[in-house]
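Comments concern the structure below.
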Amino acid sequence: MVASRAIGSLRHFTASRTFRSPGYICRNFTRSSALLARTHINYGVKGNVAVIRINSPNSKVNTLNKELHTELVEVMNEIWASDQIRSAVLISSKPGCFIAGADINMLAGCKTSQEVVQISQEGQKIFEKLEKSTKPIVAAISGSCLGGGLELAISCHYRIATKDKKTVLGAPEVLLGILPGAGGTQRLPKMVGIPAAFDMMLTGRNIRADKAKKMGLVDQLVEPLGPGIKPPEERTIEYLEEVAVTFAKGLADKKISAKRDKGLVEKLTSYAMTIPFVRQQVYKKVEEKVQKQTKGLYPAPLKIIDVVKTGIEQGSDAGYLYESQKFGELAMTKESKALMGLYHSQVQCKRNRFGAPQKDVKHLAILGAGLMGAGIAQVSVDKGLKTVLKDATLAGLDRGQQQVFKGLNDKVKKKALTSFERDSIFSNLTGQLDYQGFEKADMVIEAVFEDLNLKHKVLKEVEAVIPDRCVFASNTSALPINKIAAVSKRPEKVIGMHYFSPVDKMQLLEIITTEKTSKDTTASAATVGLKQGKVVIVVKDGPGFYTTRCLAPMMSEVMRILQEGVGPKKLDSLTTGFGFPVGAATLMDEVGVDVAHHVSEDLGKAFGERFGGGSVELLKQMVSKGFLGRKSGKGFYIYEKGVKSKNLNSDMDSILASLKVPPKPDVSSDEDVQYRLVTRFVNEAVMCLQEGILATPAEGDIGAVFGLGFPPCLGGPFRFVDLYGAQKVVDRLRKYEAAYGKQFSPCQLLIDHANSPNKKFYQ
Amino acid sequence: MTSILTCTFKNLPSTSEWALRFSMRPLSCSSQLRAAPAAQTKSKKTLAKPNMRNIVVVDGVRIPFLLSGTFYKDLMPHDLARAALTGLLHRTSLPKEVVDYLIFGTVIQEVKTSNVAREAALGAGFSDRTPAHTVTMACISANQAMTTGVGLIASGQCDVVVAGGVELMSDVPIRHSRKMRKMMLDFNKAKTMGQRLSLISKFRLNFLAPELPAVAEFSTSETMGHSADRLAAAFAISRLEQDEYALRSHSLAKKAQDEGLLSDVVPFKVPGKDTVTKDNGIRPSSLEQMAKLKPAFIKPYGTVTAANSSFLTDGASAMLIMAEEKALAMGYKPKAYLRDFVYVSQDPKDQLLLGPAYATPKVLEKAGLTMNDLDAFEFHEAFSGQILANLKAMDSDWFAQNYMAGKTKVGPPPLEKFNTWGGSLSLGHPFGATGCRLVMAAANRLQRDGGQYGLVAACAAGGQGHAMIVEAYPK
């Protein structure tokens, strides 16, 4: 009662604020008093608690930038100066976001590492003042609290978070190639313990509110409210504020302690961490693990370990200093530029560039309940799309439905879903063997076997039963869409939607448009893809589209390298050593040797000599012997259930021996082997842009990284050319061209870039 | 024909006693004479519908509602139900053989007597030729039992139905774990010693962990108290408001009990113990005392406490429902008509307990009445916060606009007509039995204080709700 009255009074808050410091933007004055509305932060006083509300203008999210920083300093100074105020609450006015992180553009705008260091130190300074404030500060968190937002929250004395799916806490800096630069590396280990802090900072993963409570990252949870006398989101924030104010008062009155009772395990861990020897072991273990996973290609994780270590072993002063210095260094690295670029491109590709389709897709039908079909169904039903999964046989359908169920049930086991939510999501799926209900479908995605005749048959069958508005999308990795559309009565409704396996894990969706595909059809496909949570790129039709086309020459080179006597294991370590997440030989096994064979023959026909290199005979022989990769249990490696370590398939030796070609010594060093693979990939990607298959370099980078595992630390083929230097890429290509011929001829666009150093794919 | 007769009859309040004695036929001639006395300000003079049988409550009783774990703790649910049935028989002097059907509501089922209606009826000496079934719909199970009876009578299948409800929270089925059950069942099937031994070898100590009946909503895994706390917060209802309302409920119940208004209570001679004559959960406290309690669900800052929630209760109720002409033919003087009713359901997460707010406007619209036509409100009080939230929802244009298809608000019931003899917070809430108590309270209040229409409303787990119009039987 008291709380709700106080809220009322706060809403009508018009107390005058005469203090005015230079340098902030003054938007408007209220007519009645000298009230100053700041642009990013506002505060009111509720009893003796100051409620500070963060609300970045014209944006869906709050980001820590210079203006916000300045205003926060000002506001805090006022609060500390006021006799009336005894405690403070920090809250966002935006329902889905506390603070999403620091403004990346602010970092990108810095020319020298010194500037970045300064930004870091300013942040450290204000957060330290918050931490040392004698007036307790409560962070009331609703929505994303990431990066700098988390660092702000953990410098407060108490944290209350809404137990909402939208509320996540995390330190994702490492994913951008930097580190938490505003005291995060120093405070986090003290708050959640060294192992948990490493986990958060090295993986960058998001932590849900309930988990955060268990870890000690937040002190209280507030349940989100349902409808009452105003919209639920609005009221939830209000309620969060009321609760936070109560706690702020309690803390100021010393009725509540900010100290948390630790569990037994936690106590034991924190005790163990007081022993220097144990700590050293932990550092060593973590370092080893990071080395193994990053192959030394990513500097940020190692620096994070260093900085944490410094703070703990040499005291916080040293720690803070080291943190800001390393932050500055990392922000200037190629890796962080590549990762930040990738982040920007990803944001672009998560946006709908094609507008809303005329008819929203509500009913989806998928043909073929194989791995892909069922995967597509899984990512559709959990977004609320009514989905029909059709297969030709009951056994196939059963398998597909089970795959969807298992995917959902695994989430239940991880507690990401309740069993009830699983059931209700699963009820969006209808499995059937006939075309019943297709007259309601807004979109049909076919994921039948990659055979043009079969696709034609299916297309004709479907067109007989679907309504005119219905989009027909083909999930194919190499068959040109215009060839599929050739038998269609309405080619403007035919489009390609190339998903990547496993669909629920791989983020990319490559949409392929033909000359005839209508804009509305593209908009439909993109909207569905985005709804399914995919990063969407849209490319023009052509053999292999974009992704498969880039991969093919590289795979051809893989075969040549194998023929030249480099073993599959060695090849794998060379490719992963360059930053690919999966080794080239393993990738072939995973994709399926028969598929690779199929694609390389098709594309070989389409593009001729440029796609040559290794002999197709290698794949042909493997297929004929049944070495299809993981699915048949044998490929380059042997796959057995329950056996983790992979053993080479010794039967491959004779095949490889029979096809052996002599290596060319001046282009066969380890580095050359790596660059032979990468430059062919990059050259083909640039050619796709040159030919207009790709619309933007950003889409090319996203497609390569998210679809094909192009090393993220390089930022994608186009970012790679920018950062590595077009001239150097061309030089490499020329060198290999001299040895192998046309396959390595650099494309015109790449040569253009090499000739004029100012030309960049990203300006 | 009958409907015309009954219709006529009911509009002759002054002559009804007389009618009782002389059966109804002579009255048909006086149909033009009625018009005058009763309800002048009402939107509708009666809710009788042409070509529909009038259905009346002859009377209803309940055994005293007791805190769980007290006096009834050694009994079984059908014992309580049986006591309510014998009480009803005694009160109405009903010849058992005229009963066509029995229906009971219950929530936490005793597995031995899963059709508790049948077991209780047999034990209470009803004819073994009278069928009985048990319904469950969480806290509106007894309401469902009554309306099922209404359906049977309205469709002409039955003339006399006994509806009731029972709940015994002193004893709940605590089961072996699924693993243990599976093992025991497999053990039964095992033929050889070897099979048995191999089964036994799979036994693990954690198999013995018992499985308690769920207190949480199955679909959301949220307990009802937790949801009530969030609901109160969503409607910005303070702890103080909730405590005040709970205190009101206890004070009014105490007053009603002291004044002997709770006439539906029948004494129950508990086997091996004394006779219980009154409810034992009515405990008016002070706001200061109540303020000391810690929140029970959302800790440490929630607002729902043990003092402003309904408590676990043992109890049973039973009610005699008849077609009007049958009741009159048998010489009864009914207490009320059961009129229009609705069931509603909403989001079980965020609107779990908002049933009354949805059901009230709906049933009023159906009956063609307005809030002003109602003289007595009997709402089930699950939690203070829940009642206050429902009242606020009914008083909110925003809520009506956004959640009730853009309608205008129905307005809150006036408190002077609202649960004036106490409610579930104070009298207790045996889940399966509360519905009949609500209807009898409405009927008895209308009979005593005058007035024509009463409204009964309740929320239930699963996000469901119910409301029914009770029309006083003319005196």
Side-chain angles (χ1 to χ4, degrees), chain A residues 1-8 10-11 138 140 158 160 162-165 210 213 219-251 255-257 260-261 412 415 417-425 427, chain B residues 216-223 226-244 287 291 295 297-304 346-354 357-358 385 388-404 409 462-463:
Chain A
M1 188 73 179
V2 181
S4 66
R5 266 194 214 132
I7 265 214
L10 189 65
R11 229 177 289 127
V138 176
Y158 207 77
I160 304 176
T162 50
K163 196 179 156 191
D164 196 304
K165 280 198 174 142
D210 46 351
K213 169 96 193 306
D219 301 284
Q220 293 293 340
L221 293 179
V222 165
E223 296 280 336
L225 302 180
I229 39 177
K230 49 176 79 164
E233 284 191 332
E234 201 180 300
R235 176 63 195 146
T236 300
I237 288 258
E238 220 176 76
Y239 179 53
L240 172 66
E241 187 181 303
E242 287 166 28
V243 173
V245 166
T246 322
F247 277 95
K249 275 188 187 140
L251 285 166
K255 279 184 191 155
I256 299 168
S257 159
R260 197 172 62 93
D261 292 332
V412 174
K415 301 210 167 144
L417 280 183
T418 66
S419 62
F420 177 80
E421 283 166 330
R422 174 200 65 204
D423 296 346
S424 109
I425 289 170
S427 73
Chain B
E217 193 75 10
F218 182 75
S219 59
T220 62
S221 316
E222 188 184 27
T223 63
H226 198 278
S227 192
D229 207 319
R230 288 196 305 117
L231 186 70
F235 283 92
I237 293 157
S238 69
R239 165 81 181 265
L240 182 65
E241 285 173 279
Q242 294 180 44
D243 284 351
E244 280 171 351
L287 285 176
F297 300 99
I298 296 188
K299 296 163 188 170
Y301 56 86
T303 52
V304 173
Q346 325 87 43
D347 170 20
K349 172 88 185 160
D350 289 331
Q351 307 202 335
L352 182 68
L353 304 169
L354 277 182
Y358 281 94
L388 294 171
N390 275 285
L391 299 190
K392 271 203 176 179
M394 284 190 261
D395 197 19
S396 163
D397 274 323
W398 185 86
F399 188 84
Q401 286 283 324
N402 290 283
Y403 291 93
M404 306 187 71
K409 67 177 182 186

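As a basis for the values below, the full set of heavy atoms in this structure was taken, side chains included, without hydrogen atoms, waters or symmetry mates. Here is the naming used below: chain letters follow the sequence lines, and residue numbers restart at 1 for every chain. Being a predicted model, the structure only gives us computed values, none of them experimental.
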Is B:A233 close to chain A through its backbone or its side chain, or both, or neither, when contacts mean heavy atoms under 4.5 Å? both
Answer with side chain, backbone, both or neither: which region of A:P224 has an atom nearer than 4.5 Å to a non-hydrogen atom of chain B? backbone
Which region of A:Q220, side chain (C-beta onward) or backbone (N, CA, C, O), has a non-hydrogen atom less than 4.5 Å from a non-hydrogen atom of chain B, or is it both or neither? side chain
In this structure, CZ of A:F420 is separated from CD of B:E217 (nearest 0.5 Å) by 9.0 Å
From A:I229 CD1 over to B:N402 CG, what is the distance, rounded to the nearest 0.5 angstrom? 12.5 Å
Contacting moiety of B:S219, where chain A heavy atoms sit under 4.5 Å: both
Mind ranking B:K299, B:H226, B:Q242, B:K349 by heavy-atom pairs under 4.5 Å with chain A and telling me who comes out on top? B:H226
Top of A:L225, A:T418, A:L221 for chain B proximity - count of heavy-atom pairs under 4.5 angstrom: A:L225
Atom CD1 in A:I160, atom OH in B:Y301: separation rounded to 0.5 Å? 7.5 Å
Heavy atoms only: give me the nearest A:P227-B:A234 pair and the separation to one decimal. O-CB, 4.0 Å
Pair count under 4.5 Å, heavy atoms only, with chain A: among B:F399, B:F218, B:Y403, highest is B:Y403
Give a yes or no on this: more than 12 heavy atoms of other residues, nucleotides or ligands lie within 6.0 Å of atom NZ of A:K163. no
